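All of these numbers come straight from a predicted model, not from anything done at the bench. Sequence positions, counted from 1, serve as the residue numbers for this chain.
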Amino acid sequence: MNRPTVRPKVRSDVALIPGYHSPQLDVAVRLNTNEAPEPPPVDFGRRLGELLANADWNRYPDREATRLRTRIAEVEGTTADRVFAANGSNEVLQCLALAFGGAGRLALTFEPTYALHGHICRMTGTDVVSEPRAEDFTLDPATVAEAIARHQPSITFLCNPNNPTGLAETREVVVAALEACGAVGSLLVVDEAYGQFAPWTAAELAGPEVPLVVTRTFSKTWSMAAVRLGYLVGPQWVISAVEKVALPYHLDVMTQTAGVLALEHVDEMDRRVSRITEQRGWIEARFGELDVESWPSSANFVLFRPAARKGADVWQRLVDRGVLVRNCASWPGLDGCLRVTVGTPKENRAFIEALTLVLELD
Ligand SMILES: *Cc1c(COP(=O)(O)O)cnc(C)c1O
């Protein structure tokens, strides 16, 4: 064989995409990726093992994931033909971008927000345009509607509550976005990864002809980040479109089984949400006593900014003390900010103790 002389080129737009960076450091207290601090109910793993022992391993899994979709639909108060499930809500978002974005099309985000919205769109060749939030990270209905009318994006993203700021979007903002989307043929995607913590859900605005999709995940409140499972609820014509771009049998039997099993534990999930919300209140109260600015959160994390010290420096010093938070200090619009996930009471105390020490250094 002759030596190859020309190396295949990566797609030029892909070559320009910065990868996804969230260090997985091996420290004692990991509060950086908004996972649930508690595992699923004690017998979850054992029961899943039993169910999987009897799986039809030699057969492809149910391509339609009918049982899972039916159960999700019951919990969401809708029907299975309005639900699409995939490997994490990230794959749901990717399918949306493949079906409604692509070359020559535009997606609109309001920054700062979840970086993967823009990132996933770019991977599918979709152009991304961003509009800024106000200083306090809120949006107002008129600004949102005007931006949608001006850009005429194929896809518009909102995140309720928003990551990494923790703020819930108001109903007025989502309604204004939806009306503006309806006028220009844009699909409104409301990412509700933290929806169980929010005062309201955009799913209330859904309808067969409403261009609205709400995405949710098992990675956070469901204590199942290790299983990659997310879904969307949307009109039937969106479901048909994303089914076309999803790979056949993309959702394996383990994931489908784990999802169905998890949905037997809605009450436990609700109780976890209450415990986390209480702990979030405790962290926010401690922030009030420290020299940090923080933003009111409707999720399982809190965005904060050390006043007197550089965020990146505080982040490193926390790591040195065995506490990992998310370093957002260099993200556009988040100068000097860090984001802490609400952990167990013990982890939260460890975090506050470490932060207090770090802030006292001169
Ligand atoms: C964590 C998170 C997700 C979850 O993605 P998965 O692929 O389901 O793990 C989606 N959206 C937002 C805003 C998130 O913060």
Ring pair (Phe, Tyr, Trp, His ring centres under 6.0 Å) evaluation trace for F84 with H250:
CA-CA 12 Å; F84 170 76; H250 64 138; 5.7 Å; yes

Can you tell me how far the OG1 atom of T217 sits from the CD atom of E91, to the nearest 0.5 Å?
12.0 Å

Can you confirm whether L93 sits close enough to D191 that some side-chain heavy atom of one is under 4.5 Å from a side-chain heavy atom of the other?
yes

State plainly whether the residues E74 and R71 are in salt-bridge range, i.e. N to O under 4.0 Å.
yes

Has R216 got its NZ or CZ under 6.0 Å from the middle of the six-membered ring of Y231, at an angle within 45 degrees of the ring axis?
no

Would you say P332 and E111 make side-chain contact, with heavy atoms under 4.5 Å?
no

Is R11 reaching over with its side chain to a backbone N or O of M123, donor-acceptor style, under 3.5 angstrom?
yes

For E289, does the CD atom have more than 12 heavy-atom neighbours from other residues, nucleotides or ligands under 6.0 Å away?
yes

Does a salt bridge link E353 with R349, judged by any charged N lying under 4.0 Å from a carboxylate O?
no

Please verify the inter-ring angle class for H117 with F157; under 30° counts as parallel, over 60° as perpendicular, anything in between as tilted.
parallel

Quick check: do L96 and V242 have side-chain heavy atoms less than 4.5 Å from each other?
yes

Do F44 and S223 have side chains that get closer than 4.5 Å, going by heavy atoms?
no

Does the pair R82 and E76 meet the rule for a salt bridge (charged side-chain N to carboxylate O under 4.0 Å, His left out), with working shown?
CA-CA 10 Å; R82 308 277 300 278; E76 293 290 344; over 6 Å; no

Strictly distance-based, threshold 3.5 Å: is any side-chain N or O of Q256 a donor or acceptor partner for the main-chain N or O of L68?
no

Over 12 non-hydrogen atoms of neighbours within 6.0 angstrom of CG in D26:
no

Taking atom types as modelled, is there a side-chain donor on T201 or E192 under 3.5 Å from an acceptor on the other?
yes

Has D62 got a side-chain atom pairing as donor or acceptor with T66's backbone, closer than 3.5 angstrom?
yes

How about T221 and N300: do any of their side-chain heavy atoms sit closer than 4.5 Å?
no

Under 3.5 Å: donor-acceptor pair, side chain of R122, backbone of D13:
no

Has D81 got a side-chain atom pairing as donor or acceptor with Q236's backbone, closer than 3.5 angstrom?
no

Main-chain N/O of S297 paired to R280 side chain as donor or acceptor, under 3.5 Å:
yes

Report the C-alpha distance between N54 and E50 in whole Å, list the side-chain angles of each, state the deciding distance to 0.1 Å, and finish with yes or no for side-chain hydrogen bond (donor to acceptor under 3.5 Å, both in side chains).
CA-CA 7 Å; N54 299 316; E50 280 168 14; over 6 Å; no

Check whether the ring centres of F218 and H265 lie less than 6.0 Å apart, and answer yes or no.
no

Ignoring hydrogens and geometry, is there a side-chain-to-backbone donor-acceptor pair from N348 to G343 under 3.5 Å?
yes

Just so I know, are the side chains of L324 and W315 near enough to count as touching, which here means a heavy-atom distance under 4.5 Å?
yes

A85 backbone acceptor or donor facing R69 side chain under 3.5 Å
no

Would the distance check show the side chain of R305 and the main-chain N or O of D335 forming a donor-acceptor pair, the cut-off being under 3.5 Å?
yes

Using a strict threshold of under 4.0 Å (side-chain N to carboxylate O), is an ion pair present between R317 and D313?
yes

Hey, which of N34, V302, L334, N327 is the one that makes side chain to side chain contact (heavy atoms under 4.5 Å, CB included) with R339?
N34

Around atom CZ of R286, are there more than 12 heavy atoms from other residues, nucleotides or ligands closer than 6.0 Å?
yes

Evaluate the side-chain proximity of L31 to E347: yes if any heavy-atom separation is below 4.5 Å, no if none is.
yes

Check: L187 and V238 side chains under 4.5 Å, non-hydrogen atoms:
yes

Side-chain (W331) to main-chain (T113) donor-acceptor, under 3.5 angstrom:
no

